[in-house]
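Reading through the structure tokens given below for one structure.
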Protein chains: 2
Amino acid sequence: MKHKTIGIKDIAERAKVSTGPVDKVLNNRGGVSKATREKILKAIKELGYKPNILASNLKSGKQRNIAVLIPKSTPNIPFWSLHQRGFDAAMEELAPFNFNLEILNFDQNDENSFKTQVDRAIGSQLDGLLMVPIFKKETKRLLDHCRSTEIPVLFFDSHVEDLEYTSFIGQHSEESGFLAAELLDKCLTRNQKILIVTLEEKDGNHLHFKKREAGFNSFHQKTNVKLLKYENTTENLEKVKKDLLGILQQDKDIRGVFVTNGVNIVMPIVERIGKENYKSIGYDLIDQNIHFLNTGALDFIISQKPARQAYEGLKLFYEMFVRKQIPQKDYFLPIDIVVKSNLKYFSSHITL
Amino acid sequence: MKHKTIGIKDIAERAKVSTGPVDKVLNNRGGVSKATREKILKAIKELGYKPNILASNLKSGKQRNIAVLIPKSTPNIPFWSLHQRGFDAAMEELAPFNFNLEILNFDQNDENSFKTQVDRAIGSQLDGLLMVPIFKKETKRLLDHCRSTEIPVLFFDSHVEDLEYTSFIGQHSEESGFLAAELLDKCLTRNQKILIVTLEEKDGNHLHFKKREAGFNSFHQKTNVKLLKYENTTENLEKVKKDLLGILQQDKDIRGVFVTNGVNIVMPIVERIGKENYKSIGYDLIDQNIHFLNTGALDFIISQKPARQAYEGLKLFYEMFVRKQIPQKDYFLPIDIVVKSNLKYFSSHITL
DNA sequence: ATGAAAGCGCTAACAG
DNA sequence: CTGTTAGCGCTTTCAT
């Protein structure tokens, strides 16, 4: 069954022009008189023309250069290495379309390193930019450049308000906190208290943590559950540990622990006192955290789905460049709940 | 930067033949002498040739006919309507590659209707078959036909042992049951009992339910938690309801409810007695179940990800036909935990 | 501003 | 069995 495809030639014929102008109209390249443009658009509509992306990409065969501005992974913060799987998967899938990825790493605690990479991005010949917008001022500078050169910019991981970007992909942090609260609530009784812990890198980007906490609190506005809060930097870890130990030992009504960041530091203390006394929840599927899921000390992990963010980000460029679709503004990924029994699905390479 | 692509011509040149035989070797079409075949394969390897799927599909432009053998959705069992979203998404994404879907519905309680559709599938000109293998005998007949005509067959939703199929996509039912047990265990104390409920259609396919239960039991081999079990068909619903009400009222130590099937029938009874007394978990994101998640009567839903199964199934055919990849045997999708707070991500059309 | 025409890399039909 | 060749639908260059 050879479904008669209508192509650029049919349009040309119908509009009584040749294929040259038709192509120009289809790709908004200009250089077509108003009159013929009208005729062509009319023919396109009448014939219900759908472009053949295979033919179009076969002919042009052009490279699409995508730069990825992402913090570098460190032994302490291996989180940023989790994205690679998604980049790899997408590149593999998009291989026929000549995507070209340049990863630009920076130190998330050092604005200068960010600036350096922003400069490199501005200097290179880009078709698209996928970035974690950690530092606002430099991000704005980069964004201005991209706007003037019409390069689409996708944010991932972190959201920044009132900046003009193309699209965002990531987790809704408040909702993840709200979800965490619901989960702990199911495991605890009403007279039990919950400790909220946030441990921060000294100069880091803490937006996520605040939002998670806000979401958590928002759930508990309707309950009478007592929430305690401990917040500190990771500069003096010994003090942090002593503090936490003290808090948990002193108040035996604390039975829930919500860690917005640094769950791998908190869990050894919980284990010391007795993991069977606590229900706990933390973020991110890094090995240090997974360990405590396996020992049973940590009950839940909420994943930000870094690999999926990376994968969907690149696919979004495919949608834009190859399929000429206009993306939605924001893509909030599903918030996955990971426990010991379903861990393998999320840590393995099976799915993203 | 024009990365010099090596094509079929380069191979021909290198092997001192023309493109004709090269194409035949690449596509295993036969009709090539052993000697030239060797030369060509050598050249392919030496040059690291990668086929250009754009060109290949542009030229051949052939239709791929995929039949989908799936139970029909009914008001009572809307589950089978959830797949459509996945089919739609995949078809949209694969539009350039001329896939053609034929949905063959059957009554999952009527082997005859299945047979009818098997006949239709055998009679039509297929390139691939995506099916729920409910009835073993007829499935085998269809499989034999497909093997002899070299049509790849993907099973989804249900797994059938010792049948030769290409690949399976779905949920690992035992593991989902094990997960359910872990979740309830987090919410209950050791002296509380759990009721396992299975409600079956009279002639249905109950493999999933048994496996879920087995997984659940397997978790509790290491605990001292008391498990009770209630199993019945949905033929006499009044009796079922009376039975359940009796069981729950009589034994106030029952605080957990695990429903392998029919959670929408069980939950009204839980609500009647007092939903705050129970932690409960059931399967499938159909509206009737979602309702109880929203009222707070049902704590967890495990989704089989029907839309994702449908989507991945079609994508697998894309991998096979277009990208000429050989699929793995089994794809077990991640087991998602859905609670009230993250429900919207799984019921909406955002992601699959 | 428009038309004509040469391919992109591959397939498939046909001739040798 | 092997070589030749005409396109697939679109982009792009060059001439008009």
### Message
For a quick check of understanding: with a heavy-atom distance under 4.0 Å over all strands, which category does A:Gly7 fall into, base, sugar-phosphate or nothing?
### Response
sugar-phosphate

### Rounded interatomic separation in angstrom, taking CD1 from A:Ile53 and P from D:dT11
11 Å

### Summary
Taken to the nearest whole Å, NZ/B:Lys9 to C1'/D:dA6 is 12 Å

### Query
From C:dA12, D:dT11, D:dC10, pick the nucleotide closest to the side chain of A:Tyr49?
D:dC10

### Task
Report the distance from atom NZ of B:Lys59 to atom P of C:dT11, rounded to the nearest whole Å.
10 Å

### Query
Start at the 5' end of DNA chain D and walk down; is the nucleotide closest to B:Val17 or to B:Leu58 reached first?
B:Val17

### Query
Among A:Leu142, A:Leu154, A:Asn65, whose side-chain contact (heavy atoms from CB on, under 4.5 Å) with A:Leu129 holds?
A:Leu142

### Task
Output yes when at least one side-chain N/O atom of A:Thr5 is less than 4.0 Å from OP1 or OP2 of D:dG9, else no.
yes

### Message
Which label fits B:Phe87 and B:Phe156: parallel for a plane angle under 30°, tilted from 30 to 60°, or perpendicular past 60°?
### Response
perpendicular

#### Entry: Closest to side chain of B:Thr19, choosing from C:dC10, D:dG9, D:dT5
D:dT5

### Query
So, is B:Asn57 near the phosphate of C:dC10, with a side-chain N or O under 4.0 Å from OP1 or OP2?
no

#### Entry: Rounded distance (Å) that lies between atom P of C:dT2 and atom CD1 of A:Ile8
15 Å

### Ring center gap for A:Tyr345 and B:His172 short of 6.0 angstrom
no

### Query
Does the side chain of B:Ser60 get closer than 4.0 angstrom to OP1 or OP2 of C:dT11 through an N or O atom?
no

### Task
Return the value, rounded to whole Å, for the distance between atom NZ of A:Lys24 and atom P of D:dT13.
10 Å

### Query
Within this structure, what is the CG-to-P distance between B:Asn27 and C:dA12, rounded to whole angstrom?
8 Å

### Message
Closest approach to the side chain of B:Lys324, judged atom by atom: which nucleotide of C:dT11, D:dT2, D:dT11 is it?
### Response
C:dT11

### Task
Please work out if A:Asn52 contacts a base, only the sugar-phosphate, or nothing of the nucleic acid, heavy-atom cut-off 4.0 Å.
sugar-phosphate

### Query
Do you know the tightest heavy-atom contact between B:Pro71 and B:Asn105?
O-ND2, 3.4 Å

### Message
Using a 4.0 Å heavy-atom cut-off, does A:Arg29 contact any base of the nucleic acid, only the sugar-phosphate backbone, or nothing at all?
### Response
sugar-phosphate

### Query
Can you tell me how far P of C:dA13 sits from CG of B:Asp23, to the nearest Å?
11 Å

### Query
Under 4.0 Å between a side-chain N/O of A:Ser33 and OP1 or OP2 of C:dT2, yes or no?
yes

### Expected output: side-chain B:Gln309 to main-chain B:Asp157 donor-acceptor under 3.5 Å
yes

### Query
Considering only C:dC10, D:dT2, C:dA4, which nucleotide approaches the side chain of A:Ser18 most closely?
C:dA4

### Query
Salt bridge or not for B:Lys115 and B:Asp119, using N-O below 4.0 Å?
yes

### Message
Below the 4.0 Å mark, does C:dA1 have OP1 or OP2 next to a side-chain nitrogen or oxygen of A:Thr36?
### Response
no

### Task
May I ask you to evaluate whether B:Ser56 reaches the phosphate of C:dT11, defined as a side-chain N or O under 4.0 Å from OP1 or OP2?
yes

### Query
B:Ile11 has an atom CD1; how far is it from atom P of C:dT11, in whole Å?
11 Å

